[in-house]
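Okay, so here's the structure we're looking at.
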There are 2 protein chains.
Amino acid sequence: MTVPKVLAFDVFGTVVDWRSGIARDAAPFLAEIGRGDLDPHVFADEWRGLYQPAMEECRSGRRPYTRLDILNRETLDQLLRRHGIDPAAIGDDRLDDLAFAWRRLDPWPDAVEGLVRLKAHVPIVTLSNGNIALTMAMARRAGLPWDAILGAEATGIYKPLRDSYLGTADILGIAPSDLCLVAAHHSDLAAARAAGLMTAYVDRPMEYGGARAPDADFEQSWDYRADTITGLAGLIF
Amino acid sequence: MTVPKVLAFDVFGTVVDWRSGIARDAAPFLAEIGRGDLDPHVFADEWRGLYQPAMEECRSGRRPYTRLDILNRETLDQLLRRHGIDPAAIGDDRLDDLAFAWRRLDPWPDAVEGLVRLKAHVPIVTLSNGNIALTMAMARRAGLPWDAILGAEATGIYKPLRDSYLGTADILGIAPSDLCLVAAHHSDLAAARAAGLMTAYVDRPMEYGGARAPDADFEQSWDYRADTITGLAGLIF
C-alpha cells in the first residue's frame, strides 16, 4: 500500500479521553451547585450527546460555521436547563470555565508517544471538529506535537461533510488519496473514504466507558487497524 | 506592561533568512540553465521584490486570496522571463522545486532556541503571509515549534491589511491587545499597532545582506525591541 504523505487525526475519543476528562471537571462543579446526585460520567455522555445536533445546525446551513468552544458553552446551558438548573444563577465565569473542560482533556496513554513516532516520518495534523484555539490549548496542556491544526475551523466545515476532508487535503497541497484519516469512529472513516482519503482505525473500547459505540454498524475493512497510536506507527512505518 | 497572552510571529526575515536560502537554491539552478552570470543573491532580492505586487492583487480584491506557494511559482516565471529565460523550456518539475525553496529556508541562529524559550510561557503562532503547507514544511525542516500556523491563509487576508491581524486574534479567542506581533519589519509592526496589537521588534540587519530595509522610515517606539529572539524571551519573561 502507498504510504500516506500526511496523517490527519480525529482528536476527541481518538487521541484524548473526553469522557473521563469531562467527568473529572464536572464532578466538583456539580457538587458546588448542590447537584451531587447527578453522575458526572452520565453528565459527560449527555453533554457529548448534544454535540452532533449543535453541529448539524451549521452543517445544514441553518447557522453559519460557529466554533466548537461556543457550541460547547451553549450545549452546557441546554444540559443544565434539562436538569432543572438555571445557568443564569451560576454566572458566566464558572460556566465558561466548565465549557473549557473540552480544552483540558487527557490523552490516551499511547497517544503522545505514538504521535512523536509518526511525526518523525510524515506531518501529523488535526482533522477535528475542535476549533483552533481549543485544539491548541489542549495540545499545549497534553503535549500533543501537531505540525498544524486543520479540520473544521480551517475549512469552515464540520465533519462528516465531504468538503471538510477535501478542504484539508487542499490546504496541505496534496491529493485526497495521499491523506490518511486516523480515527476511532467508523462513521468518520466512512465519510473520509467516500471523499477519497486513506483510512486508519484505532480502537478505543473505553471511549464510552465500555459501552458500544453509536456508529459500530459503520465498520468497514479499513486500510490500517490498530489498538493504539504506537501500534499504528509500527504498522505504517 | 501587560504580558502578551499569545506571541504571533512574522516568519520571512524575522525567523528565517530568506536571502541566503533562496540564493543557495538558485545558484545550482542558474548554473544548470547556463546562466551562471546572474548573481544568486541579486536573484533572491529580485524575486522577493515581486512578492508585494503579487499579494497586492489579492489585497486589492482584483484577485481572490491565492496561496503564497502559487504566487512564488508565478513570480519565479516572471523573473525568469525578465532575464530572457523561457520557463516553458525548463519544465514544471524543476520550477516547482525551485519555487519550494521558500519552504527550505534556514532559521537565524537564535530563532529555534528563542522560540522554545518563549513557548514555555505562552503560545507561539505564525502571523505570516506564508500559506499553511509552506509554513508547516519549513517548520518541520527547520525545527520551528509553532503551536499553530495562523496568518494569511487562516484569515484569507494578506498582511498588512487590518483584518489579517484582527482575524488572527479572533481565531485565538483573545482581544487584539493581548496579542503581540513579533517582526523585523517596521511596516508590519505599524499595521499591527494600528489594529490594536502589541508590538515586538527584532533587529535583522542582514536580512537584505546589510543593505537598508525598505521600510526603515516606518520605525516607531515599539513595546519591545531586541536583537535576537532569545533576547526577546529575556525581555518579556
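Naming convention: chains lettered A, B, ... in sequence-line order (proteins, then strands); numbering from 1 in each chain.
Among the residues in residues 153-177 of chain B, those with a non-hydrogen atom closer than 4.5 angstrom to a non-hydrogen atom of chain A are B:E153, B:D170, B:I171, B:L172. Of residues 93-111 of chain A, not one residue has a non-hydrogen atom less than 4.5 Å from any non-hydrogen atom of chain B.
In this structure, B:M136 CE and A:I124 CD1 are separated by 10.0 Å, a value rounded to the nearest 0.5 Å.
Among B:D69, B:V6, B:V122, the residue making the largest number of heavy-atom pairs under 4.5 Å with chain A is B:V122.
Counting heavy atoms from C-beta outward, B:I149 and A:I149 have side chains that stay 4.5 Å or more apart.
The two atoms that bring B:K119 and A:R140 nearest to each other are O-NH2, 2.9 Å, heavy atoms only.
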